[in-house]
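First comes the structure, then the notes that go with it.
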There are 2 protein chains.
Amino acid sequence: MGELAYSIKDLAAEFGITARTLRHYEEQGLVAPARVGQNRTYSAADRVRIAWILRGRRVGFSLSEIADMLRLYELGDGRETQRQVTLAKCRERIAALEAQRADIDETITELTGFCDTLENLVPAPGGRWVRKDTGEPPQLRNPWDG
Amino acid sequence: MGELAYSIKDLAAEFGITARTLRHYEEQGLVAPARVGQNRTYSAADRVRIAWILRGRRVGFSLSEIADMLRLYELGDGRETQRQVTLAKCRERIAALEAQRADIDETITELTGFCDTLENLVPAPGGRWVRKDTGEPPQLRNPWDG
DNA sequence: ACGCTACTTTACGTTAACGTAAACGTCAAC
DNA sequence: GTTGACGTTTACGTTAACGTAAAGTAGCGT
């Protein structure tokens, strides 16, 4: 069968990270690649798992938070309470992510508004700026000015 | 006029941060509160600016990135090239934010799917889990298993 | 056998974003 | 007039997420 595996350098290159980073993730218990001799060999599953970790990092989670999320997928000993705890944590994570998305949307809205203002601005004599259409001064409305 | 001002402790309490954090933001040039004697006194504008900074932090930006974004709102000496540079940087920021939102959406989708599976699971004899409706084993499809 | 390359472990260094402690100023209250 | 509550500066400590250097191993080509 096509048991495709990756060296540490392969994956590092593919994801644009260093081998040190992958070893660090292993130290923190985020991945556990197999070994051939003393060398690490990453499976396809490891590869996807690493992509998951990196996306978590881009989203802003810490490594230990990511470890927690990964552990959610381990169902445990089959007790009902275990399932409920996992479910609750999972929902917490989703709520946090949605709050963060709201923050992002706000920031995008403000920056976009500022971009629109900028696009409509031309330099005027005396080191000033005026609006292209009306010739009026900018009225910039920085988010913190009112 | 009601020139409402805030002490450092007021703002810290309101935003759920420490006074040290506010002083740190000042050291990094992110805010510049007025002084009454040797004491800091934050204006309403300072307050909004700090809210902006904290939202940036929640989104995952570093303090220096936030400083850059804040500087975007200073139009500079009125040269056209300056405006274009600012506009470009502003658009870069927006693009980065949109990419990040895409990552968040992906993560939410996966976690939600996992939640749905969990909700439909009940414990079965032998420390196993089965689906409530069909009685089938979970087929969990962890993101990294396929 | 020799060197090259990729890999390993061990361990100390670095940066960001504050925490925390020390030592001091100031003003109102008792 | 001294005790607090609140503020200040200075400066060293801490944690996370790696960077980086040192020293050794293992296979492969010539």
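On a predicted model such as this, the values are computed, not experimentally measured, just so you know. Reckoned from all heavy atoms, side chains included, excluding hydrogens, waters and symmetry mates. Chain A is the first sequence line, chain B the second, and so forth, proteins listed ahead of strands; every chain is numbered from 1.
When the P atom of C/dA17 is taken as reference, atom CG of B/Leu22 falls 15 Å away, rounded to whole Å. Atom-to-atom, NZ of B/Lys9 to P of D/dA5 comes out at 10 Å; the value is rounded to the nearest Å. Distance, A/Glu26 CD to D/dA17 P: 17 Å, rounded to whole Å. Rounded to whole Å, the distance from CG on B/Asp10 to P on D/dG7 is 7 Å. In this structure, B/Leu63 atom CG and C/dT15 atom C1' are separated by 12 Å, rounded to whole Å. To the nearest angstrom, C1' of D/dA17 lies 12 Å from CD1 of A/Ile17. Rounded to whole angstrom, the span from the CD1 atom of A/Ile53 across to the C1' atom of D/dC18 amounts to 14 Å. A straight line from NE2 of A/His24 to P of C/dT14 spans 18 Å, rounded to a whole angstrom.
With A/Glu26 as the fixed residue, the salt bridge (charged side-chain N to carboxylate O under 4.0 Å, His left out) test singles out one of A/Arg35, A/Arg20, A/Arg49: A/Arg35.
A salt bridge links A/Arg55 to B/Glu110: at least one charged side-chain nitrogen sits closer than 4.0 Å to a carboxylate oxygen.
B/Thr109 and B/Thr112 share no side-chain donor-acceptor pair at under 3.5 Å.
Which of D/dT9, D/dA17, D/dC6 sits closest to the side chain of B/Arg40 comes down to D/dT9. Ranking D/dG19, D/dT8, C/dA17 by closeness to the A/Thr18 side chain, first place goes to D/dG19. Comparing D/dG24, C/dA17, C/dG19 by their nearest atom to the side chain of B/Arg20 picks out C/dG19. Among the nucleotides C/dA17, D/dA17, D/dA11, the one closest to any side-chain atom of A/Arg57 is D/dA17. Nearest nucleotide to the side chain of A/Ser62, out of D/dA17, C/dA6, D/dA26: D/dA17.
Taking side-chain N and O atoms only, B/Thr21 has no distance below 4.0 Å to OP1 or OP2 of C/dA17.
Counting heavy atoms from C-beta on, the side chains of B/Leu63 and B/Arg57 come closer than 4.5 Å.
When each of A/Ile8 and B/Tyr25 is assigned the nucleotide of DNA chain C with its nearest heavy atom, A/Ile8 is the one assigned upstream, toward the 5' end. Residue B/Ser7 is the one, among A/Phe61 and B/Ser7, whose nearest nucleotide of DNA chain D lies closer to the 5' end (criterion: closest heavy atom). A residue-by-residue look at B/Asn39 and B/Ser64 shows that B/Ser64 has its nearest nucleotide of DNA chain C further toward the 5' end.
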Would A/Gln100 and A/Val59 satisfy side chain to side chain contact (heavy atoms under 4.5 Å, CB included), going step by step from the backbone distance to the final call?
CA-CA 9 Å; A/Gln100 195 178 342; A/Val59 167; 3.9 Å; yes

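B/Arg23 comes within contact range of at least one nucleobase, with a heavy-atom separation under 4.0 Å.
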